[in-house]
Amino acid sequence: MMQVSHVILTGGVGSRLWPLSRQSNPKQYLEIFSEKSLFELAIERNRPFSRKLIIVGNRGNRELSERILRKTNQATYTNIVEATPRNTAPAIAFAAFSADPDDLLLVTPADHIIQEGESYTAAVKKATELAKEDYLVTFGVQPTTPETGYGYIEFDGDKVVSFREKPDKDNARAFLKAGNFLWNSGMFCFKAKIFLSELEKFAPEVYQKSLEAWQNAENDVLDLDMSMHIPSISVDYAVMEKSDRIKVVPAGFEWSDMGSFEAVYEYFKSNGYTMDSNANMQLGEIKPTFFVGVNNCIFISTKDANLVVSKEASQEVKAVYSYLEEFHPDLIR
């Protein structure tokens, strides 16, 4: 009997949200959204649409996931533990191998925030209907700004015309003006067997090496040596940009990948978070802090590090993270 399995991908480290997000506690587990984490919100949001829950994460966040699962009273689930990150195509393959072939997989990242309600419900319903017809469905979000941090989908109705990489500002403005481009949300819906068939067709080495690693997993924990032979590749590159089975659901719900402090800032601002008269915001360990002569800045304070960033420059935090990886790795653990 066909059923929907919710697949949550939890492997990200959230480098652009340092110092709040660390390797030991990535952004998807930060309980800063009305005392809930993005991972918890993803479970709750998709529970009405699915019968099974499949989590694909890594060794470092297995306990973090299970702590949240206990909190949400999620009694039954599959927790697949990757030995090393190999990107989204192998991660989704592991979920598909664990499911029944005819199951529909509703694939979502663990670290996005989405407005629940009629628009989201309608989008999921439309995606599952298309997936039942053996299409690989991606969710595209209506852009509201010329965002350079997202990939784009050029579309015509439910047909995908092309996938576009993260654009520069000029191209992002052109995409927004054209009106037939959507933000690539990184969310998908398809039958397990159809995804695996297309993966085998277009990325046979990824399929074969992932299958071998899965067949030799113990208690859903993958072997490191076998995993190292799996090519690291995104599902977009491996399958979605090559298959002729692709459909897109132009979704009307509000969405953010929470991939920068600007996104966090806008979310908290819209929910009435306290700011000063010049729209400066403090996050993390709250202490007496005063902003003088600056506007739209975010001060993030933790026990061992502080960060001051203008809202508009928040994408550049990743460069700080890269620097710390090389020279002060203790500050990102």
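Along the sequence shown, residues are numbered consecutively beginning with 1.
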*When you measure from the side chain of Asn280 to the backbone N and O of Cys297, does any donor-acceptor pair fall under 3.5 Å?*
yes

*asked:* I'd like to know if the side chain of Asn61 and the backbone of Thr10 have a donor-acceptor N/O pair within less than 3.5 Å.
replied: yes

_Between Lys287 and Thr289, is there a side-chain heavy-atom distance shorter than 4.5 Å?_
yes

*Taking Arg51 for the side chain and Gln3 for the main chain, is one N or O donor matched with an acceptor at less than 3.5 Å?*
no

*Does any N or O in the side chain of Asn219 come within less than 3.5 Å of the main-chain N or O of Val221, such that one atom is a donor and the other an acceptor?*
no

_Nearest heavy-atom neighbours spanning Ala127 and Phe139_ = CB-CZ, 3.4 Å

*Using the side-chain contact (heavy atoms from CB on, under 4.5 Å) rule, pick out the option among Val56, Thr78, Ile54 that qualifies with Asp220.*
Thr78

_Can you confirm whether or not the ring centre of Trp18 sits under 6.0 Å from the ring centre of Tyr321?_
no

_Taking Lys318's backbone N and O only, do any of them form a donor-acceptor pair with Ser322's side chain (distance below 3.5 Å, no angle check)?_
yes

*Are any side-chain N or O atoms of Thr88 and backbone N or O atoms of Val235, one a donor and one an acceptor, separated by less than 3.5 Å?*
yes

*Side-chain donor-acceptor pair under 3.5 Å between Thr108 and Arg45, yes or no?*
no

*asked:* Checking the side chain of Arg86 only, and the main-chain atoms of Ala91 only, is there a donor and an acceptor separated by less than 3.5 Å?
replied: no

*asked:* Classify the ring geometry of Phe253 against Tyr120: parallel below 30°, tilted from 30° to 60°, perpendicular beyond 60°.
replied: perpendicular

*When rounded to the nearest 0.5 angstrom, what is the spacing between CG in Asn216 and CG in Leu211?*
9.5 Å

_Donor-acceptor contact present, side-chain Arg245 to main-chain Leu136, <3.5 Å_ = no

*Find out whether Val309 and Ile300 are in side-chain contact, i.e. whether some heavy atom of one side chain is under 4.5 Å from a heavy atom of the other.*
yes

_Measuring centre to centre across the rings, with the benzene-like ring taken for any Trp, is Tyr267 within less than 6.0 Å of Phe33?_
yes

*Going only through I, L, V, M, F, W and Y residues with side-chain contacts under 4.5 Å, is there a path from Leu30 to Phe39?*
no

*In sequence, state the C-alpha distance, the side-chain angles, and the governing distance for Lys247 and Glu133, and then conclude on salt bridge (Lys or Arg N to Asp or Glu O under 4.0 Å).*
CA-CA 11 Å; Lys247 293 286 187 180; Glu133 298 175 9; over 6 Å; no

*Do Phe190 and Leu104 come close enough that some side-chain heavy atom pair is under 4.5 Å?*
no

*Flag the pair Phe291 / Asn278 as yes when at least one side-chain heavy-atom distance between them is below 4.5 Å, and no otherwise.*
no

*List in chain and number order the residues that pass ring pair (Phe, Tyr, Trp, His ring centres under 6.0 Å) with Phe181, two or more places apart in sequence or in another chain; answer none if no residue qualifies.*
Phe175

*Please write out which residues are connected to Phe202 in a hydrophobic cluster, directly or through intermediates, given that two of Ile, Leu, Val, Met, Phe, Trp, Tyr count as joined at side-chain heavy-atom separations below 4.5 angstrom.*
none

*Donor-acceptor contact below 3.5 Å, side chain Arg164 vs main chain Glu154*: no

*Decide side chain to side chain contact (heavy atoms under 4.5 Å, CB included) for Tyr29 and Ser21; before the verdict, give the C-alpha distance in whole Å, the side-chain angles of both, and the deciding distance to 0.1 Å.*
CA-CA 9 Å; Tyr29 301 104; Ser21 182; over 6 Å; no

*Taking the side chain from Gln315 and the backbone from Ser260, do they hold a donor-acceptor pair closer than 3.5 Å?*
no

*Less than 4.5 Å apart, any side-chain heavy atom of Phe49 and any of Lys125?*
no

